[in-house]
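The structure appears below as structure tokens.
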Amino acid sequence: MASLSRVLRVAATCPRGRSARNLGLQPLAREARPTTEKSVPYQCTLKEEAQGASVVPQGPSQPLPSTANVVVIGGGSLGCQTLYHLAKLGVGGVVLLERERLTSGTTWHTAGLLWQLRPSDVEVELLAHTRQVVSHDLEEETGLHTGWIQNGGLFIASNQQRLDEYKRLMSLGKAYGIESHVLSPAETKDLYPLMNVDDLYGTLYVPRDGTMDPAGTCTTLTRAAVARGAQVIENCAVTGIRVRTDDFGVRRVTAVETQHGSIQTPCVVNCAGVWASSVGRMAGVKVPLVAMHHAYVVTERIEGIQNMPNVRDHDASVYLRLQGDALSVGGYEANPIFWDEVSDKFAFGLFDLDWDVFTQHIEGAINRVPVLEKTGIKSTVCGPESFTPDHKPLMGEAPELRGFFLGCGFNSAGMMLGGGCGQELAHWIVHGRPEKDMYSYDIRRFHHSLTDHPRWIRERSHESYAKNYSVVFPHDEPLAGRNMRRDPLHEELLGQGCVFQERQGWERPGWFNPQETAQVLDYDYYGAYGHQAHKDYAYSRLLGDEYTFDFPPHHCVIQKECLACRTAAAVFNMSYFGKFYLLGADARKAADWLFSADVNRPPGSTVYTCMLNQRGGTESDLTVSCLAPGAQASPLAPAFEGDGYYLAVGGAVAQHNWSHINTVLQDQEFRCQLMDCSEDLGMLSIQGPASRDILQDVLDADLSNEAFPFSTHQLVRAAGHLVRAIRLSFVGELGWELHVPQASCLPVYRAVMAAGAKHGLVNAGYRAIDSLSIEKGYRHWHADLRSDDSPLEAGLAFTCKLKTSVPFLGREALEKQRATGLRRRLVCLTVEEEVPMFGLEAIWRNGQVVGHVRRADFGFTVNKTIAYGYIRDPSGGPVSLDFVKNGDYALERMGVTYAAQVHLKSPFDPDNKRVKGIY
């Protein structure tokens, strides 16, 4: 067998594509050609069981039922976990169909690592449930050992930023009771004697991390599920999904077809992994993922490696998994091999390892554990894995087809996320929504124009794979898949120094750097696949300046934008906002049910409201403007009779809002229409003390408080162009939004800028909005307000019509919560020291951790760091306002605590005078 060092030497000297047969290695391969002559580092796999059977079954392992309540497609980690959790919820008539044997797709060769700490509170919770299932629940239920090994996990930091990231994870872990320790190089050496620590800044050690066995876990899951009445049918490939269109024009699942018969069912769960796109096409559902080769090698025996923790050396892009008395070595590279022609015959198969691609991991592995230089390679494992555009799984009900759920695209993390995600998917199916906030995983997070766009999917999936081990900085932006959706002001703002952010394909202003133009260029794949890497790339360089957990170099630039808004005025281009019309015979009934606030006001009124789910969680916050009926249609005033509403929602979550509203309309069978005019209208927001004076020179309307009160809207002309002006503020200032037809955006913007020149009007971006809004205490959905947060917990009770008798979605849950008391509450905390915080910091109260920060930013007007997070009473009781007030608070940032002051009202303008024009 070849040693790792010899592989390095041969790879350096062999011409690309030449084989290394003299090493006893498999030939180098560029093509996606499967081979079954490889081994994986497990004592027993389901593949071996299948090969050892005396008779190879030619048909289904058992007869197909004629009907089922749920059919799960795919017998890998997610399929088995979903089946198990559905059975635990008491769902009968659940069937899992596997085209070959359990785990035969991608699960069987997975490394099976489980790390408890991730830079996401929801993922920490999901991982905790997986660990509970594999390390405790299954063995207690079945008496079988899943193969779980608790050998700990060690994250390597070879620079200060990486160590800072680990310290952030440690602080978050304290909020969840996860034991972790930041170790010095010397302490790391004591723990892992074979490790080279000369180049380390430190490590993060999590003693209760560990390793899962795919075959053992999936076998035990299915046995537990079958014991509860579920069925597992192997050797039964799905060939089609039968669909019907109901009387309301809604497509719904009716059956699953196989070569051996069909199963009538209203619910299908696509857990087909790499093959999920193919299953989706059977149903007319878009599944945005790509298949890539993902590899590791297994070493020969290493003396002294036994019982060592698993290692992740992110900066070397390599992991070292303990395998008895050997190691599995793998990682993520910048030039992974795409598997474009996914074969439906591929089962228990592997590809030949391409050493040209894999060799880059070996140098890092040898540097970290030098004994590997002379250690032989026992086997190579190169199999397919599915990857998604944002390196997050694809879950939830497909917007194109009711009853068709996704549980796929797990980016080689299906084992460690499987338990948590299987549980949430089961709740999604049974109760209509998951228990946790799963927006980051929800298929509805992607705009419909992107989910079948091959270039966008491929570019973003590649970048997400290549950056999988990169430090997760708070303000990072993708370089791939850019310039997909641009508004009419894009070139104008680019010329004025706009540094853009990307949200759901839209290019939106982040901040303004007048010193240079920062155009976003076509994706260069980081120089891979023959692409020429961009040189002197201004946008990439400015992003690089953001790669810090300190204040960025342009902190003062954002400060100027914020202070200009507070003292004069700023114009924000918010054209990427979602804009919908809700019209039709049942529009009023729909509005009453959908919106937590009473939106049935006279035409010309605008209401800030939430939309809730059945559990009382907040699915959205938005503004709803009541329209007057009319026979003449225009982009600003569609023709309709009866009641009509204009909805404005955050652009990053517009697709989520659209899907949520449509789902509710379908479920309630409301006769109304939801129209999307997001691409037809732009949106400018002019905010600040001088906004009235500026706009009075542009608009042909009286903007006085009497003629144009707060929370109202009018159709007016701006520089001769018809626009809808809405007096609202998202930053706590006097201001108006102008909703403008696309063709009029540029002339209206230029007229506003010309009128504002003498008043100190400036361009400002979303980084300024983040600071200004947190200063005023305004919520950001999916940050300090999520689908698992109720308006009562979030301090938004004023958005709920609980004083009326009007029923609305989520009302019963809110009434129950109000009667029993809030078990957690959103609080505002400020820190006197000028220290940057970004979220995930631990919240201490009277010496106990009571929560973590969801959202944080620096408030330039109050000159303090401001943080929002939900706190709980450690005793388990309700969190009253007295509990909030009577405590000594601190925030822990990277292991260091800072004294904090709690606020019951916004630290800026708590009496809301400025939005009323009172200065």
Using the rule given for salt bridge (charged side-chain N to carboxylate O under 4.0 Å, His left out), can you reason through D788 versus R786, listing the C-alpha separation, both sets of side-chain angles and the distance that settles it, and then say yes or no? CA-CA 5 Å; D788 54 352; R786 304 192 308 206; 3.4 Å; yes

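- Of all non-hydrogen atoms in P214 and M415, the two that sit nearest each other are CA-CE, 3.8 Å.
- Among residues two or more places apart in sequence or in another chain, the salt bridge (charged side-chain N to carboxylate O under 4.0 Å, His left out) test is passed with R251 by none.
- Between R444 and D442 there is a salt bridge, with a side-chain nitrogen of the basic residue lying less than 4.0 Å from a carboxylate oxygen of the acidic one.
- Distance alone, capped at 3.5 Å, is enough to place a donor-acceptor pair between the S77 side chain and the G414 backbone.
- Using a 30° and 60° split on the angle between ring planes, Y332 and H294 fall in the tilted class, from 30° to 60°.
- Listed by chain and residue number, W456 satisfy the ring pair (Phe, Tyr, Trp, His ring centres under 6.0 Å) test with F446 (two or more places apart in sequence, or in another chain).
- With sequence neighbours left out, the side chain to side chain contact (heavy atoms under 4.5 Å, CB included) criterion links L144 to T142, T220, R223.
- No hydrogens or angles considered: a donor-acceptor pair under 3.5 Å links the side chains of N151 and T211.
- Among residues at least two apart or in separate chains, ring-ring contact (aromatic ring centres under 6.0 Å, His included) pairs with a member in residues 61-98 are H85-H129.
- With respect to the salt-bridge test (charged N to carboxylate O, under 4.0 angstrom), the residues D789 and R854 qualify.
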Take H448 and W658 through the test ring pair (Phe, Tyr, Trp, His ring centres under 6.0 Å) and record every step on the way to the result. CA-CA 10 Å; H448 63 83; W658 173 268; 7.9 Å; no

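- Residues passing the salt bridge (charged side-chain N to carboxylate O under 4.0 Å, His left out) test with E435: none are found, sequence neighbours excluded.
- Considering only heavy atoms from C-beta on, K392 stays 4.5 Å or farther from Y439 through its side chain.
- Side chains of S343 and E341 form no contact here, defined as non-hydrogen atoms less than 4.5 Å apart.
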I would like to know whether Y465 and F338 meet ring pair (Phe, Tyr, Trp, His ring centres under 6.0 Å); could you show each step before the answer? CA-CA 11 Å; Y465 180 101; F338 289 88; 8.6 Å; no

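- At a threshold of 4.0 Å, the pair R312-D209 does not count as salt-bridged, since none of the basic side-chain nitrogens sits closer than that to a carboxylate oxygen.
- Looking at residues two or more places apart in sequence or on another chain, you find no salt bridge (charged side-chain N to carboxylate O under 4.0 Å, His left out) involving R872.
- Nearest approach of S790 to T618, heavy atoms of both residues: C-OG1, 3.9 Å.
- Nearest heavy-atom pair across W275 and D344 is NE1-CA, 3.9 Å.
- Qualifying salt bridge (charged side-chain N to carboxylate O under 4.0 Å, His left out) partners for R242, counting only residues two or more places apart in sequence or in other chains: E257.
- Between V70 and V269, the closest side-chain pair of non-hydrogen atoms falls below 4.5 Å.
- Under the side chain to side chain contact (heavy atoms under 4.5 Å, CB included) criterion, S620 pairs with M611, L622, N657, sequence neighbours left out.
- With sequence neighbours excluded, no residue forms a ring pair (Phe, Tyr, Trp, His ring centres under 6.0 Å) with Y205.
- The ring pair (Phe, Tyr, Trp, His ring centres under 6.0 Å) check on H447 picks up nothing, with sequence neighbours excluded.
- Contacts of W148 classified as ring pair (Phe, Tyr, Trp, His ring centres under 6.0 Å), with partners at least two apart in sequence or in another chain: none.
- Listed by first and then second residue, the side-chain hydrogen bond (donor to acceptor under 3.5 Å, both in side chains) pairs involving residues 396-407 are E397-R402, R402-Q666, R402-D667 (not counting sequence neighbours).
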